[in-house]
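Written out below as structure tokens is the structure these notes cover.
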Amino acid sequence: MTNKDTMEVQILDCDYILLNNKKPVVRIFGKTKEGKSICVFYNDFMPYFYLHSKEGNYDEIKKKILKKYPDLQMEVVEKIIPMGYQPPSKILKITGTNPAKTPEIRDYVRMFGTPYEADVLFKYRFMADFGLKGMGWMEVEGNYIRTSTVKCAAFDAKSIKPLDKMENVPIKYMALDIECLPEEERIPTPDKDTIIVMSFAFSEPYKGKNDLVLLTKYAKGKNIVVCDDEKAMLERFKEIMDEYDPDIVCGHNINGFDLPFIVERMTRLGMSKDIGRTDKQAYCRKIQNGFIPYVSGRTIVDTYAIYKRDPWVRFKRYDLSTISDKMLGVSKIDLEGNMFEKIHDAWYRGIGLDKFVEYARVDAVLVKRLVIEKRLMDKFFEISKISGVLLQDSLGGQSQRHEVKLLREFFVRGYVMPCKPRNVSLEGQTLKGAIVLEPTVGFHEWVICLDFTSMYPSMINALNICTTTFMLDKSEKIDHYESPYGSKFVKENVRRGVIPSIVDEYLKSRAAVKKILKTETDKEKRRILDAKQLALKTLVNSLYGYTGYARSRLFLMDIANSITAWGRDTIIKTRELIEKNYKAKVIYADTDSVFLITDIKELDESRRFGSEISDFISDQLFGLDLKFEKTYKTFLIEAKKRYAGWAFEQIAGEWKGKIDMKGIETVRRDWCTLVSETMLETLNIILKEKDMKKATKFVRGIIKDLADGKIPLERLSITKGITKPFEEYNGMQPHVELAKKIVKRDKTRSVIGSRIEYVIIKGNQMLSKRAEEPKWVKQRGLQIDSDYYIHNQLLPPLERVFEVCDITPSELIEGVRQQNLLDILSGKKKKEPSPDEIVLKNYETIACKNCDWNFRRPSLTGKCPKCSGTLYFSDSGSIGKTVDFGN
DNA sequence: GGGGCACGGGG
DNA sequence: GTGTACGTGCCCC
């Protein structure tokens, strides 16, 4: 007998291969404590699934199945079917040899019953049964082996067991970016264009270098490698992957662009795409929008995908430039002007080639910095460790996280997991949402906000809500909870639900982590713990959503409905209890929070009173915990889900104030910065200084500056992209019309695929024809259309704010008229306005001549949208004047 | 207030 | 890969 080695490995990825086209071998990719890449083989695990027949005539079924598939192993076992509270059932366990054959077998046996767990990926089947988790640790016992199929050390395990360890092995990152040479002006496509530059940044030096640029044209400089041609460059890239051996390869929009491009180019050049840790070919699976990457043994991280989905940060745009500017305070190298021209200049004429190379390098460096300095992966490491998904999959959607976790918990408790529902329509299956009470619209002071901590999870937990406890027969005499929706769930003394157990585990675990965080001083540990509590929070909050998701394996409409119904009841009851027992009035409530006013006008006292109320409510409501959240010194509510307030929270005993905004957006893509900034400042004045006069004056000042042309063009410009050929746009859009103009003016410029920055200038044409480039406007000294900015950009969002404070729009505009008068008085040259200018200046409402329709702003077509009739301004001074929108 | 529709990021 | 996975914001009724 040979000596066996034992070692501890952290799991990064997992797949399987078929040995001699017969037997599966599971391969677990990971790293040893020392940070060495290793691939652990395990060859004693077979694919299986279950078949449930209501008739239970399994002997007969077995015979029939064996006739078609003689190699299958079958045995009848006892398992619990989780859809509805029911006793264990006899079920047929079907074990095969080739995981890839399972779908075929599954579809065949459907005629005998319902298959269970027949669509679980083999790697997850294995991991669930062995208790292994993505980013988790395992102890393996066995021997090193020699194989040509994997590029790292290979180890044949005789036994594998999970380990409970929190730390992470050092992870090697590599950032990657490619530059291409588009034949014509458009985004490059791999079927026509080539890769000309590849840049890299490394988390630990590769051959002493922190970054590297490969290119297929002669250039000199630091960390540059010149390659003969594209194929040679891609070969060099493969060498780098093999030699550096990154765990994580990141890039900005790498899933949507760089990786699919590289893979496709390699295919076309007849290269082997083994850029992972094995000889497996890399591929990108096309989905709705973009791709899902697969590189064996490594994780592909897309900073674009991560930031776009991060609920904690919101940007106007998610390009690398904006994100690195906001997150790192540094900008990308600006190639200035037309990208297509710059690339061609650099490549064919050698103009700005050095800058182009640096541009590529910086892109990779910025991505690396974003991932490492912002600790972007910490949360995903923890999501993997908690739910069990592999790291690559932790970057995907919520449902897989829950499925993997549920499969594991079901396995342990003797339940089988249903297959994913086939061809479900998401329509008609919508559940009634949470309750939002009608707000007392207006400006309030000293508003106390109370929150139910994790309301839905707490209800699942307290009322044992689960598919496994859901009573199919409501008349059965068993101890149960009944939801306001009418559904019944057996009590935990009858059977504890699986979902509630998971929720409970998540909640308890999060509380424990937060408790440790209070005293933990080690920086690295704190970081992991903080990521863990954040991961637990997202997991626990989305588990409820999974139960109400029509494509969920455990979808039961009644469950989601029961939860929200219970929630609505709770909020209504809470309001009643508060108003009946305390001197307080609830002015607003949404889902799991209530806002109330009392006669307290002091922070500490408001907290004390808020807590007293919360404790009382928590006592009355079983299993739920209402907590004092914050006090708003001032609070302005426009409508449901639209409010702003000066919120005070106690952090480490100290009151910290900040402006809270919900629904009142200050960052919107189609607003110029002037609007966002004015909006923010106005809210600041109203909320912090309670000085309506000052706020009004401030806005009037801005309006005056606008009318005077004092606002710089940069603060007025709006940016939108041209994404498709002009013909494909229907309707009139300013940036599209401008793009057409640009092309007409300069035949050499093509605009498709580029972003158009525009301002609206004065004139009597319809709005969309009056968009102009800021540069053009500056050069020619054109005037911007201040009226457009006042009425269409600035005022609509501000009006709503002032309206709830009882300031009418006309009070705001007054200043403009005064200003015009002032101009005249101060001797400014008076220009006789053309009739069209009067028209465009004085409108407040626009009405249709034919029907009774009227509008706040001119329609884009210049015709009545209801009946296509002619429009006129119904405002004072210009009644009856027909509108000329230039068409 | 709900539903349909378009668009993102990348060169 | 035992596949078939978006989210958001805008515009229009």
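Basis for what follows: all heavy atoms, side chains included, without hydrogens, waters or symmetry-related copies. Convention: sequence-line order gives letters A, B, ...; per-chain numbering from 1.
- Distances from the side chain of A:N253 to the nucleotides B:dG11, C:dT2, B:dG9 place B:dG9 closest.
- In this structure A:Y304 satisfies the ring-ring contact (aromatic ring centres under 6.0 Å, His included) test together with A:H252, sequence neighbours excluded.
- Counting any heavy atom pair closer than 4.0 Å across all strands shown, A:K420 reaches sugar-phosphate atoms only and no base atom.
- A salt bridge links A:D363 and A:K332; the closest N-O separation between the charged side-chain nitrogens and carboxylate oxygens is under 4.0 Å.
- In this structure, the CG atom of A:D302 is 12 Å from the P atom of B:dG9, given to the nearest Å.
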Take A:I178 and A:I262, measure what side chain to side chain contact (heavy atoms under 4.5 Å, CB included) needs, and give me the verdict at the end.
CA-CA 8 Å; A:I178 63 169; A:I262 292 170; 3.8 Å; yes

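- Under 4.0 Å is where a charged nitrogen must lie from a carboxylate oxygen, and between A:D15 and A:R27 at least one such pair does.
- For the pair A:K286 and A:F291, the cation sits on the ring face: its NZ or CZ lies under 6.0 Å from the ring centre, inside 45° of the axis.
- Using a 4.0 Å heavy-atom cutoff across all strands shown, A:L181 reaches no nucleic acid atom at all.
- Nearest-nucleotide positions on DNA chain B place A:K308 closer to the 5' end than the other of A:K308 and A:I343.
- Taking the six-membered ring for Trp and thresholds of 30 and 60 degrees, A:Y50 and A:Y48 have ring planes more than 60 degrees apart, a perpendicular arrangement.
- Among the protein residues, A:D119 comes within range of the nucleic acid bases, having at least one heavy atom under 4.0 Å from a base atom.
- Of the N and O atoms on the side chains of A:S542 and A:Q398, at least one donor lies less than 3.5 Å from an acceptor on the other residue.
- The separation between A:D107 atom CG and C:dG3 atom P is 9 Å, rounded to whole Å.
- Within 6.0 Å of atom CG in A:N21, 12 or fewer heavy atoms from other residues, nucleotides or ligands are found, so the atom counts as exposed in its surroundings.
- Rounding to whole angstrom units, NZ of residue A:K101 and C1' of C:dG1 are separated by 15 Å.
- Side-chain contact of A:E179 with A:Y359: a donor-acceptor pair under 3.5 Å is absent, judged by distance alone.
- The side chain of A:D319 lies closest to B:dG10 when the candidates are B:dG10, C:dA5, C:dG7.
- When the P atom is compared between B:dG11 and C:dC6, the two are found 25 Å apart, to the nearest whole Å.
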Reading DNA chain B 5' to 3', what string of ( ), [ ], | and . shows its pairs, if Watson-Crick and G-U wobble pairs count only when both distances fall under 3.5 Å?
||||||||...

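- Look at the C1' atom in both C:dG1 and C:dA5: the space between them is 14 Å, to the nearest Å.
- What separates CZ of A:F291 from C1' of B:dG10 is a distance of 12 Å, to the nearest Å.
- Within 4.0 Å (heavy atoms only), A:F261 reaches no atom of the nucleic acid at all.
- Nearest nucleotide to the side chain of A:K640, out of B:dG9, B:dG11, B:dG1: B:dG1.
- Separating the OH atom of A:Y318 from the C1' atom of B:dC7 is a distance of 14 Å, rounded to the nearest angstrom.
- Counting atom types as modelled, A:R285 pairs a side-chain N or O with a base atom of C:dA5 as donor and acceptor under 3.5 Å.
- Distance from the side chain of A:P47 is smallest to C:dT2 among B:dG11, C:dT2, C:dA5.
- Only at 4.0 angstrom or more do the heavy atoms of residues 355-368 of chain A sit from any atom of DNA chain C, so none qualifies.
- Relative ring orientation between A:F126 and A:F45 is described as perpendicular, the plane-to-plane angle rising above 60° on a 0-90° scale split at 30° and 60°.
- In terms of polar N and O atoms assigned as donor or acceptor, the side chain of A:Y283 comes within less than 3.5 Å of the base of C:dG1 in a complementary pairing.
- No engagement by A:D258 is indicated, since no non-hydrogen atom pair under 4.0 Å with the nucleic acid exists.
- A:W347 and A:F356 have perpendicular rings, their planes meeting at more than 60° on a 0 to 90° scale where under 30° would count as parallel.
- Between A:Y16 and C:dT2 there is a side-chain polar atom (N or O) within less than 4.0 angstrom of OP1 or OP2.
- Note on A:Q400: a base of the nucleic acid sits closer than 4.0 angstrom, heavy atoms only.
- Atom NZ of A:K332 and atom C1' of B:dG9 are 10 Å apart (whole Å).
- Base engagement by A:I292 is indicated by at least one non-hydrogen atom pair under 4.0 Å involving a base atom.
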